[in-house]
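The block underneath contains the structure these notes are about, expressed in structure tokens.
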There are 2 protein chains.
Amino acid sequence: MATIHDVARVAGVSISTVSYALSGKRSIGPAVRARVDSAVAELGYQANAGARMLAGTQTNILALSAPMHAETHPPAFMSFVVSIATAAREVDYDLLLLTETEPLAGLRRVASSKLVDGIVVMDVSTDDPRVPLLRDLRLPSAIIGVPDDVDGMTCVDFDFEAAADLAVERLAALGHREIGLLGHSAALYERGSNFAPRFRDAFLASAAARGVKALFTMSDLGSRADVVGEMRRELPGMTALVLNCNEEEHRRVLHSLERDDVTIPSDLAVVSACSSFSTDNFTTALDVIPLPAEKSGRRAVELTMAQLRGDSEAHVELIPPEYVAKGSTVSV
Amino acid sequence: MATIHDVARVAGVSISTVSYALSGKRSIGPAVRARVDSAVAELGYQANAGARMLAGTQTNILALSAPMHAETHPPAFMSFVVSIATAAREVDYDLLLLTETEPLAGLRRVASSKLVDGIVVMDVSTDDPRVPLLRDLRLPSAIIGVPDDVDGMTCVDFDFEAAADLAVERLAALGHREIGLLGHSAALYERGSNFAPRFRDAFLASAAARGVKALFTMSDLGSRADVVGEMRRELPGMTALVLNCNEEEHRRVLHSLERDDVTIPSDLAVVSACSSFSTDNFTTALDVIPLPAEKSGRRAVELTMAQLRGDSEAHVELIPPEYVAKGSTVSV
DNA sequence: GCCCATTGTCGAAGCGCTTCGACACTCACC
DNA sequence: GGTGAGTGTCGAAGCGCTTCGACAATGGGC
């Protein structure tokens, strides 16, 4: 493999000149630059990663802490990972993927061995132990999600509160006065999920503020086969339903409604909120407030890079929701 | 951050002694080793990754080439990625994730900058351009899948041929004489998919060998709403159906059958083959020949490590299928 | 009691790069 | 024509580690 010495020899200059020509950190005469470039091309020179890390201050590697658990939704997870990897490559960074279920050791390791320049942390819970660790590590980092203690941390996330409010607002504007919310599984709320309770609380608050009667229920694939039926019995005047649950539960709901001859949207308006999957292929296409995983992932990388450059203040950044109508709501 | 010099000073030995004590490449007196260990613990020493790469011969990083395309099934993709990451960590390796849709440049980059010690390549098509590149790179590597030209390459894959044969064998043993196969989408076959045609061909061959009448059809979520209906019309004597398609198509099939009052298994025996998802949560649990993504991923890492140690011959390794009965087949 | 093999430790070279300070040189300016 | 401010290039130090060869120190065999 060619080294910088080889390039220097072929170009007839010193190695420091080669280094400056390639990094652009000092001005180089056009003739010399051309000779260096052609030597690089001729030799297929690629700087040695280890040497660069050791001598320089950057590794051009980003760590992604993406532990998995039972509630992880693979497609959503993948959207995040891929968007982060893609955004990183655009600024010439590679992604080191840390998937250990016990993530602290891995983060410590990559940080203190100076393997990575920054860290992106996915799927944080409200009291995620990675947050205080990250604070200690003093490495550029971005958190996807909003933990309880955001002090000094840079966070990006979808604006779940605004999404809940948007859903209620749209339905209320259509005249709906009694709205149900089918949430995620109880397990998700219990393990300190970030987004599920935020959506729920904002939903209830928004309904209250608008004088709308609200009913919240958690889904439970195991035991509650007919959640929607239960909801309709408990809130007989319910004319609209907001779904903030996973794909499988969506299917079950649509299936139940079909079975009970409940027509969407004339009998029941349905909105899918914060879904990471397409609602187009369901038996009935649903109005949706999509979860923009790509945007969050990309933004997390950008914010980490900004810290690397030193121009950034710790802050929480929320991505505004958008409502996409597909004909599953109608005024009442 | 503490360096090896600090450790040496605290332990009262030279840095080379520290290095040998930590690597175990030369014998070290028990007293000295204890002093080194406690110094390491006291200082929280972690060897600098760049320095280690530069001085040593290993980087302890593995690249995973996992490009994505329209037909990628997120859960399966994730199983592979996670199992590879996990297996790598077990041998103290980190995973560098390369997801670019145009993967060649990335592979060249990580290889010639000596960033990684080896490469695992996922989801190769029959004439994947990554294969010849990999051959050039002369880096330890493992391919998941079996390309046309396997010369000099180490490949791991599920034994799709054996799986197809197993499905036919089981059904034939139960007395089924006319069996349908619903395959993946046409797009998948066209883009040179590895596994889909292998399964199809082996299925047809096995059926022919057993004197079983076979019908093969590709699924097409867009236009063919009622593939199973079509199949049943085309092969009226069909008493068994093998599904080698994605999760969504599985659901559609079960839905159609339910609608047409076709009972499983009395009217039609159904087997799901090479599915990367659980068939337990369908309306009817299906007999399945699961795709052991975790095994393939793990094995790919093991084979790469073996090459790193120098004790391995290039070869193709196929993981045998297993049949899991769930009650969706019965003798006819 | 001597020799040789073994064991444990050390010094120093070197991996390939970045970056600092030095140093010619050129050119505008008074 | 001398001065000063760029401009382009180079030499050398050093990043933190691995590893080779050297060399005491120990102990067993005769």
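Atoms considered below: every heavy atom in the structure, side chains included; atoms not considered: hydrogens, waters and symmetry mates. Just so we're on the same page: letters track the sequence lines, and every chain starts at 1.
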Subject >> Along DNA chain C (nearest heavy atom to each residue), the more 5'-positioned of B/P30 and B/G56 >> reply: B/P30
**OP:** Check whether any side-chain nitrogen or oxygen of B/S19 sits under 4.0 Å from OP1 or OP2 of D/dT18, and answer yes or no.
**Re:** yes
Original post:
Under 4.0 Å between a side-chain N or O of A/K25 and OP1 or OP2 of C/dT19?
Top reply: yes
**OP:** Could you check how far CG of A/N48 sits from C1' of D/dT18, rounded to whole Å?
**Re:** 14 Å
**OP:** Compare the minimum distances between each of D/dG16, C/dC10, D/dT19 and the side chain of B/A55, then state the nucleotide with the smallest one.
**Re:** D/dG16
Original post:
Are any of the side-chain heavy atoms of B/D159 and B/I319 separated by less than 4.5 Å?
Top reply: no
Original post:
Do B/L115 and A/M53 touch side chain to side chain, with heavy atoms closer than 4.5 Å?
Top reply: yes
Original post:
Atom CG of A/L43 to atom P of C/dG16: distance rounded to whole Å?
Top reply: 14 Å
Subject >> A/R26 side chain near D/dG8 phosphate (N/O to OP1/OP2, under 4.0 Å) >> reply: no
Original post:
What is the distance from CG of A/L54 to P of D/dC17, rounded to the nearest Å?
Top reply: 9 Å
Original post:
Taking only N and O in the side chain of A/S14, is any of them less than 4.0 Å away from OP1 or OP2 of D/dC10?
Top reply: yes
**OP:** Round to a whole Å and report the spacing from CD1 of B/I15 to C1' of C/dT9.
**Re:** 13 Å
Original post:
Under 4.5 Å between any side-chain heavy atoms of A/H73 and A/P75, yes or no?
Top reply: yes
Original post:
If you look at every strand shown and take non-hydrogen atoms under 4.0 Å, does A/T3 touch a base, only sugar-phosphate, or nothing?
Top reply: sugar-phosphate
**OP:** Indicate yes or no: at least one non-hydrogen side-chain atom of B/S19 is less than 4.5 angstrom from one of B/I4.
**Re:** yes
Original post:
Quick one: A/R9 CZ to D/dC10 P, roughly how many Å, whole number?
Top reply: 15 Å
Subject >> Distance test, side-chain N/O of A/Y45 to OP1/OP2 of C/dC17, below 4.0 Å >> reply: yes
Original post:
Rounding to a whole Å, what distance do you find between B/Y20:OH and D/dA22:C1'?
Top reply: 12 Å
Subject >> Whole angstrom value for the distance that separates C1' of C/dC17 from CZ of B/R52 >> reply: 19 Å
**OP:** Return the value, rounded to whole Å, for the distance between atom CD1 of B/I4 and atom C1' of C/dA12.
**Re:** 14 Å
Original post:
Which of the following nucleotides, C/dT7, D/dT9, D/dC17, is nearest to the side chain of B/S27?
Top reply: C/dT7
**OP:** Respond yes when some side-chain nitrogen or oxygen of A/S16 is under 4.0 Å from OP1 or OP2 of D/dT9, and no when none is.
**Re:** no
Original post:
Minimum heavy-atom separation for A/F158 to A/L291, with atom names?
Top reply: CD2-CD1, 3.6 Å
